[in-house]
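Predicted, not measured: the structure shown is a model, and the values here were computed from it. The analysis underlying the following values was restricted to heavy atoms, covering all of them including side chains, and did not include hydrogens, waters or symmetry mates.
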Amino acid sequence: MRPPALLLPLLLLACRRDPPAPTSPPVTPPTVVAPTPAAPVDARRLRDLLRPESRRELDASTIPLLLPRDEALVAVAVVTAGPGWVAASIPLSDLTIAIHGNANRHPPPPGEVLRHASTLRGVPATVSRNELIRVATWEERGVAWSLDIECSSRPDLDVRCVQEDYLRALADSLVEVRP
C-alpha cells in the first residue's frame with residue numbers, strides 16, 4: 001500500500017497549472033531615496049551647474065527658480081523664463097520633471113476660495129495625478145508653483161508615478177536659486 005500514497009503528491013503536481021504569463025514585463029521601479037535634509041546646499045553651485053543658455057534664462061528672470069538638490073538633475077535642466085514666470089524641464093531617459101513658477105497670479109472668481117487638501121514644503125498644496133502624471137501645486141513667497149513628474153515607460157507600474165512619495169521627496173528637496 002505504500003506506493004499509491006507516494007503517487008498522490010506526484011499526481012497533484014502533474015495537474016498543477018501555472019498562471020498565464022503577463023503580456024508585457026512589469027517595470028521594476030527604482031528605489032525612491034529621499035534627499036538628506038541636513039545636507040547643506042549651495043544655491044550658487046546649483047546655478048553654476050546649469051548649462052550656459054539655461055543660466056542666461058535664469059539671469060533674465062525676475063523671480064528665483066526652485067531646483068532639486070540633486071546636481072545630476074540640475075546639470076541636464078533646461079530653463080526658460082518670461083515676464084513674471086520661470087520654468088525648468090529636466091528630461092531623463094525614463095521620466096521628465098517639470099517645475100513652473102508664476103508670479104502673474106490672478107484672484108479667484110468672486111465667491112470661490114481655493115482649498116488645498118494637503119501640504120507640501122510646509123504650505124497648503126494640492127497633490128494629484130492627471131493622465132498618469134503626478135502633479136503638485138502650491139504657493140510660496142508670492143509665486144504659484146507646479147511640479148510635474150511624467151514617467152515615460154509604463155507609468156501605470158512605475159512607483160514614481162503611481163505613488164506620491166517620489167513627488168513629495170523631490171518637492172522637499174527643491175532649493176531656491178536666484179538669478
**Message:** Given Ile149, which partner from the list Arg129, Glu164, Arg134 fulfils the side-chain contact (heavy atoms from CB on, under 4.5 Å) test?
**Reply:** Arg134

**Close side-chain approach of Glu176 to Arg178, heavy-atom, < 4.5 Å** = yes

**Request:** Could you grab the distance from atom CG of Leu147 to atom OG1 of Thr137, nearest 0.5 Å is fine?
**Result:** 10.0 Å

**Arg51 atom CZ, over 12 foreign heavy atoms within 6.0 Å** = yes

**Item:** Main-chain N/O of Cys151 paired with Arg160 side-chain donor or acceptor, under 3.5 Å
**Value:** no

**Message:** If hydrophobic clusters are built by linking Ile, Leu, Val, Met, Phe, Trp and Tyr wherever their side-chain heavy atoms come under 4.5 Å apart, do Val135 and Ile90 end up in the same one?
**Reply:** no

**Message:** Can you confirm whether Gln163 sits close enough to Val159 that some side-chain heavy atom of one is under 4.5 Å from a side-chain heavy atom of the other?
**Reply:** yes

**Asked** Within a strict 4.5 Å, meaning less than it, do heavy atoms of the Leu170 and Ile97 side chains meet?
**Response** yes

**Item:** Path from Val127 to Leu132 over hydrophobic side-chain contacts below 4.5 Å
**Value:** no

**Prompt:** With distance as the sole test, does Ser152 use its side chain to make a donor-acceptor pair with the main-chain N or O of Asp94 at under 3.5 Å?
**Reply:** yes

**Item:** Glu150 side-chain N/O to Thr96 backbone N/O, donor-acceptor pair under 3.5 Å
**Value:** no

**Asked** Should Leu92 and Val162 be counted in the same cluster of Ile, Leu, Val, Met, Phe, Trp and Tyr side chains packed under 4.5 Å apart?
**Response** no

**Asked** Where the side chain of Ser54 meets the backbone of Ala77, is there a donor-acceptor pair that is under 3.5 Å apart?
**Response** yes

**Complete:** Rounded to the nearest 0.5 angstrom, the SG-OH distance for Cys161 and Tyr166 is 9.5 Å

**Asp48 CG to Asp42 CG distance, which is reported to the nearest 0.5 Å** = 8.0 Å

**Asked** Hey, are the side chains of Leu67 and Val175 touching, using non-hydrogen atoms and a 4.5 Å cut-off?
**Response** no

**Request:** Return the minimal non-hydrogen interatomic distance between Ala136 and Leu120, and the atom names on each side.
**Result:** CB-CD2, 3.5 Å

**Prompt:** Under 3.5 Å, is there a donor-acceptor pair linking the side chains of Ser146 and His100?
**Reply:** no

**Request:** Kindly work out whether a path of hydrophobic side-chain contacts (I/L/V/M/F/W/Y, heavy atoms less than 4.5 Å apart) joins Ile99 to Val123.
**Result:** yes

**Spacing of CG belonging to Leu65 relative to CG belonging to Leu50, to within rounding of 0.5 Å** = 7.5 Å

**Request:** Evaluate the side-chain proximity of Arg47 to Val74: yes if any heavy-atom separation is below 4.5 Å, no if none is.
**Result:** no

**Message:** Donor-acceptor pair, distance only, cut-off 3.5 Å: does the side chain of Arg121 make one with the backbone of Leu174?
**Reply:** yes

**Message:** Using every non-hydrogen atom in the two residues, find where Arg168 and Thr119 come nearest and quote the distance to one decimal.
**Reply:** NH1-O, 2.9 Å

**Message:** Assigning hydrophobic clusters by single linkage (Ile, Leu, Val, Met, Phe, Trp, Tyr; side-chain heavy-atom cutoff under 4.5 Å), is Trp85 placed with Trp145?
**Reply:** no

**Prompt:** How about Ser61 and Arg56: does a side-chain donor come under 3.5 Å of a side-chain acceptor?
**Reply:** no

**Request:** For Pro64 and Val86, work out which heavy atoms get closest and say how close.
**Result:** O-CG1, 3.5 Å

**Prompt:** Could you state the interatomic distance from NE2 (His116) to OG1 (Thr126), rounded to the nearest 0.5 Å?
**Reply:** 4.5 Å

**Fill in**
Note: Leu58 and Pro179 closest approach over all heavy atoms is O-CB, 3.2 Å

